[in-house]
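Down below is the structure, laid out as structure tokens.
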Number of protein chains: 2
Amino acid sequence: MKIGELSKTTGCSIQTIRYYEKEGLLSTPERTEGNYRLYGERALKELEFIKHCRSLDIPLIDVKRLIELKNKPEESCASVNALIEQQLSLVNKRMRELKALKAELQQMVSSCTTENTVEACGIIKSLDS
Amino acid sequence: MKIGELSKTTGCSIQTIRYYEKEGLLSTPERTEGNYRLYGERALKELEFIKHCRSLDIPLIDVKRLIELKNKPEESCASVNALIEQQLSLVNKRMRELKALKAELQQMVSSCTTENTVEACGIIKSLDS
DNA sequence: ACTTGACTCTATAGTCACTATAGACTTTAT
DNA sequence: ATAAAGTCTATAGTGACTATAGAGTCAAGT
Ligand SMILES: [Zn+2]
Ligand SMILES: [Zn+2]
Ligand SMILES: [Zn+2]
Ligand SMILES: [Zn+2]
């Protein structure tokens, strides 16, 4: 499988696949005579793993750590758990922030009748204070 | 007031203030004989406006538009409203995404006893599928 | 008068996770 | 044989900053 097919199969762009390789997240692929990258089942699984992590907003540096841990199957999984719990607490933090943003934005929208001039607009007044 | 004082008063870093100026969000300040930036009440208000917008996660390009609209006080505020509503819908979208992330992360954490090896870890299994 | 230290100046590079080019090379289809 | 599609490397751009280098400015203390 060449890079284009891997890209279509996984939904990752070709540039992203090459970027993951450069960052050491994907193992170095074989090459054809013409220097094209060649992938197999293994690369597909590696890439799906990365995609799953990224869909959970786990930063690449942590994905890399997870891959390293995955390759030490006999060790304790405590650090896997710690990493995911940290990610969870980040998500919780961001949710609380967004909740506050939402409340303030909603109040702003409700203070604007759209029939005002900018000068009299409740939104601009809010932002100014 | 020199840039250091403005920075302390507003909580914006000195580099950020200079960055906002370069991006055209803050009006060009006067300079002392020694080429130091000099700010007054007006700059303080401009910067507070930007800070308030940024605390709502409004991107700088939209902050710039809001500033332009603010300087046309006689026009209709419809586009102000549109901009804030768009920001609100972005926040809502992100909240829905984070809710899904949170659910999956929580399920992962609950599938890990920390007493496992990496090989048997429920988190790694989730990420692998 | 001189030095120290705090402050400021510009210009440049780094962050993160990609995306988008440019210009060259390889392969496939007509 | 030629054209089109795919791939290669290297480089630059994104957003909103942060961090640094190296030079200049200014006030206080000796
Ligand atoms: Zn999932
Ligand atoms: Zn309004
Ligand atoms: Zn506010
Ligand atoms: Zn576990």
Side-chain angles (χ1 to χ4, degrees), chain A residues 1-26 28-40 43 46-67 83 86-87 90-91 94 97 101, chain B residues 1-26 28-40 43 46-67 83 86-87 90-91 94 97 101:
Chain A
M1 170 165 47
K2 280 179 289 180
I3 200 168
E5 195 183 338
L6 182 63
S7 167
K8 266 177 197 150
T9 308
T10 59
C12 274
S13 81
I14 289 175
Q15 294 102 305
T16 299
I17 295 172
R18 292 199 278 240
Y19 173 70
Y20 287 163
E21 179 187 339
K22 190 157 70 76
E23 295 298 304
L25 292 154
L26 282 175
T28 311
E30 295 176 52
R31 300 280 183 141
T32 66
E33 278 186 14
N35 200 34
Y36 284 14
R37 288 171 178 81
L38 262 189
Y39 298 101
E46 287 176 356
L47 193 45
E48 296 284 8
F49 183 86
I50 299 169
K51 270 197 73 188
H52 202 169
C53 293
R54 292 294 302 134
S55 80
L56 297 164
D57 263 10
I58 298 171
L60 287 188
I61 194 163
D62 289 341
V63 177
K64 208 172 172 181
R65 283 201 55 219
L66 284 172
I67 292 171
L83 202 153
Q86 192 208 352
Q87 183 64 19
L90 277 180
V91 167
R94 187 62 184 147
E97 286 169 5
L101 296 196
Chain B
M1 173 164 45
K2 280 178 290 182
I3 199 167
E5 195 184 336
L6 183 63
S7 168
K8 266 178 199 152
T9 308
T10 60
C12 274
S13 81
I14 289 176
Q15 294 102 305
T16 299
I17 295 172
R18 293 199 278 241
Y19 172 70
Y20 288 164
E21 179 187 338
K22 190 158 71 75
E23 295 297 305
L25 291 153
L26 282 175
T28 310
E30 295 175 52
R31 299 280 184 141
T32 66
E33 278 185 15
N35 200 32
Y36 285 12
R37 288 171 178 82
L38 262 189
Y39 299 101
E46 286 176 356
L47 192 45
E48 296 285 6
F49 183 87
I50 299 170
K51 270 197 73 187
H52 202 170
C53 293
R54 292 294 301 133
S55 79
L56 297 164
D57 264 9
I58 298 171
L60 287 187
I61 194 164
D62 288 341
V63 177
K64 207 171 173 183
R65 283 201 55 218
L66 284 173
I67 293 171
L83 203 153
Q86 192 210 351
Q87 183 64 19
L90 277 180
V91 167
R94 188 62 184 148
E97 286 169 5
L101 297 195

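Each chain gets a letter, A, B and so on, in the order the sequences are listed, and its residues count up from 1.
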Interatomic distance, B:L60 CG vs D:dT18 P [rounded to whole Å]
11 Å
Does B:T16 reach the main-chain N or O of B:C12 with its side chain, forming a donor-acceptor pair under 3.5 Å?
no
Taking every heavy atom of B:C53 against every heavy atom of B:L66, the minimum-distance pair comes out as SG-CD1, 4.0 Å
Scanning both residues in full, the closest heavy-atom pair of B:L56 with B:Q87 reads O-NE2, 3.1 Å
Sidechain-backbone polar pair: A:K2 side chain, A:R37 backbone, donor-acceptor under 3.5 Å
no
Tell me the interatomic distance from A:Q15, atom CD, to D:dT9, atom C1', rounded to whole angstroms.
13 Å
To the nearest Å, how far apart are B:L90 CG and D:dG15 P?
14 Å
If I take atom CD in residue B:E23 and atom P in nucleotide D:dG15, what distance separates them, rounded to the nearest angstrom?
9 Å
Whole-Å distance between D:dT7 C1' and A:E33 CD?
16 Å
Nucleotides 7-12 of chain C: protein proximity per nucleotide (B base, S sugar-phosphate only, - neither; heavy atom, under 4.0 Å):
BSBB--
Rounded to the nearest 0.5 Å, what separation is found between the OH atom of A:Y20 and the CG atom of A:L60?
5.5 Å
Do the side chains of A:D57 and A:V91 get nearer than 4.5 Å, heavy atoms only?
no
The helix from C:dA1-D:dT30 to C:dT30-D:dA1: angle between terminal helix axes, five bp per end, to the nearest 10 degrees, reads 30°
Starting at CG of A:D57 and ending at P of C:dC16, how long is that distance when rounded to a whole Å?
15 Å
Taking D:dC17, D:dA19, C:dC18 as options, the one with an atom nearest any side-chain atom of A:Y20 is C:dC18
Taking for each residue the nucleotide of DNA chain C bearing the nearest heavy atom, is the 5' side occupied by A:T32 or by A:S13?
A:S13
Within the distance-only criterion (no hydrogens, no angle test), does the side chain of A:R18 pair as donor or acceptor with the backbone N or O of A:K22 below 3.5 angstrom?
no
Separation between NZ (B:K64) and CD1 (B:I50), nearest 0.5 Å, reads 11.0 Å
For A:I58 and C:dC16, give me the distance from atom CD1 to atom P, rounded to whole Å.
16 Å
Whether A:E97 and A:R94 form a salt bridge (side-chain N of Lys/Arg under 4.0 Å from carboxylate O of Asp/Glu) is what I want to check.
yes
Would you mind reading off the distance between B:K51 atom NZ and D:dC17 atom P, rounded to a whole angstrom?
11 Å
Quick one: is B:T16 getting a side-chain N or O under 4.0 Å of the D:dT18 phosphate, OP1 or OP2?
yes
